[in-house]
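So that the names make sense, note that chain A is the first sequence line, chain B the second, and so on, each numbered from 1. Given the structure is predicted, the values throughout are model-derived calculations rather than measurements.
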Amino acid sequence: ETGVTQTPRHLVMGMTNKKSLKCEQHLGHNAMYWYKQSAKKPLELMFVYSLEERVENNSVPSRFSPECPNSSHLFLHLHTLQPEDSALYLCASSQEIGTGYNEQFFGPGTRLTVL
Amino acid sequence: GDSVTQMEGPVTLSEEAFLTINCTYTATGYPSLFWYVQYPGEGLQLLLKATKADDKGSNKGFEATYRKETTSFHLEKGSVQVSDSAVYFCALARSGGYQKVTFGTGTKLQVIP
């Protein structure tokens, strides 16, 4: 595997289900990100991790719970979601965060549908 | 706060036509500017970037010039191909400390043979 991979690619869940999204980066990066992509809206940054420590949480509802067990893996745990949470969830990684721009590399995303 | 405004799509062009996708931004200071491209079923990829005023970013025949006086970063290509069909995102990032990238809403480009 190369780059940033995400599983599953598609997920359909009911509002009472609990599921998890997985992201893995094979680039040796130290920072990882979760974004939400909804139709006709800008990408929304949800969470940022640097060296497994959360550095940004953009007022995301608690029904989304991130986990970063190591610098290569990032999870997004989902529970009691709402239909408006249906979207494409993108994971990204970068070499690091800090001064100077660090290019973010994106995975293909997980298309989530909440019924 | 920071914001990026792109022209709404979809944009439909014939092969070999000239492409312009407009992008303007609002930000204090001197952000870096980017164009990302998202092909069907894939994540976003960095297409080109410019880090200071009057810089021109270029890649794969695409170009964009950082215009501070008009706060714009319009994407252009002289002759589009069917393979350029994708969604294009304009974005900005501030320098210093943690860099948050602010994206536009994306412009879908469809190139027909």
S.K.: Which atoms of B:E8 come close to chain A, meaning under 4.5 Å heavy atom to heavy atom: side chain ones, backbone ones, both, or neither?
M.R.: neither

S.K.: Does NZ belonging to B:K68 count more than 12 external heavy atoms closer than 6.0 Å?
M.R.: yes

S.K.: Please look at B:Y39 and chain A and tell me whether the side chain, the backbone, both or neither of the residue comes under 4.5 angstrom of a heavy atom of that chain.
M.R.: neither

S.K.: Return the minimal non-hydrogen interatomic distance between B:G41 and A:P108, and the atom names on each side.
M.R.: O-CB, 3.8 Å

S.K.: Between A:M46 and A:L88, is there a shared hydrophobic cluster once you connect ILVMFWY residues whose side-chain heavy atoms come closer than 4.5 Å?
M.R.: no

S.K.: Less than 4.5 Å to any heavy atom of chain B: does that hold for the side chain of A:R9, its backbone, both, or neither?
M.R.: side chain

S.K.: Are A:L51 and A:V55 linked, directly or through intermediate hydrophobic residues, by side-chain heavy-atom contacts shorter than 4.5 Å (ILVMFWY only)?
M.R.: no

S.K.: Answer yes if A:L81 and A:L11 sit in the same cluster of Ile, Leu, Val, Met, Phe, Trp and Tyr residues linked by side chain heavy atoms under 4.5 Å apart, and no otherwise.
M.R.: yes

S.K.: Would you find more than 12 non-hydrogen atoms of other residues, nucleotides or ligands less than 6.0 Å from B:E69 atom CD?
M.R.: yes

S.K.: Measure the shortest side-chain to side-chain distance between A:Y35 and B:V101 over non-hydrogen atoms and say whether it is less than 4.5 angstrom.
M.R.: yes

S.K.: Identify the residues of residues 62-71 of chain A whose heavy atoms come closer than 4.5 Å to a heavy atom of chain B, ordered by number, or report 'none'.
M.R.: none

S.K.: Sort A:Q37 into side chain, backbone, both or neither according to what part of it lies under 4.5 angstrom from a heavy atom of chain B.
M.R.: side chain

S.K.: Please determine whether residues A:L76 and A:V48 belong to a single hydrophobic cluster, defined as Ile, Leu, Val, Met, Phe, Trp and Tyr linked transitively by side-chain heavy-atom distances below 4.5 Å.
M.R.: no

S.K.: Using non-hydrogen atoms and a 4.5 Å limit, figure out which bit of A:L90 sits close to chain B: side chain, backbone, both or neither.
M.R.: side chain

S.K.: Would you name the heavy atoms of A:F106 and B:L44 that are closest together and state the gap between them?
M.R.: CB-O, 3.3 Å

S.K.: Kindly work out whether a path of hydrophobic side-chain contacts (I/L/V/M/F/W/Y, heavy atoms less than 4.5 Å apart) joins B:Y25 to B:Y88.
M.R.: yes

S.K.: For atom CD of B:E16, is the number of surrounding heavy atoms from other residues, nucleotides or ligands below 6.0 Å larger than 12?
M.R.: no

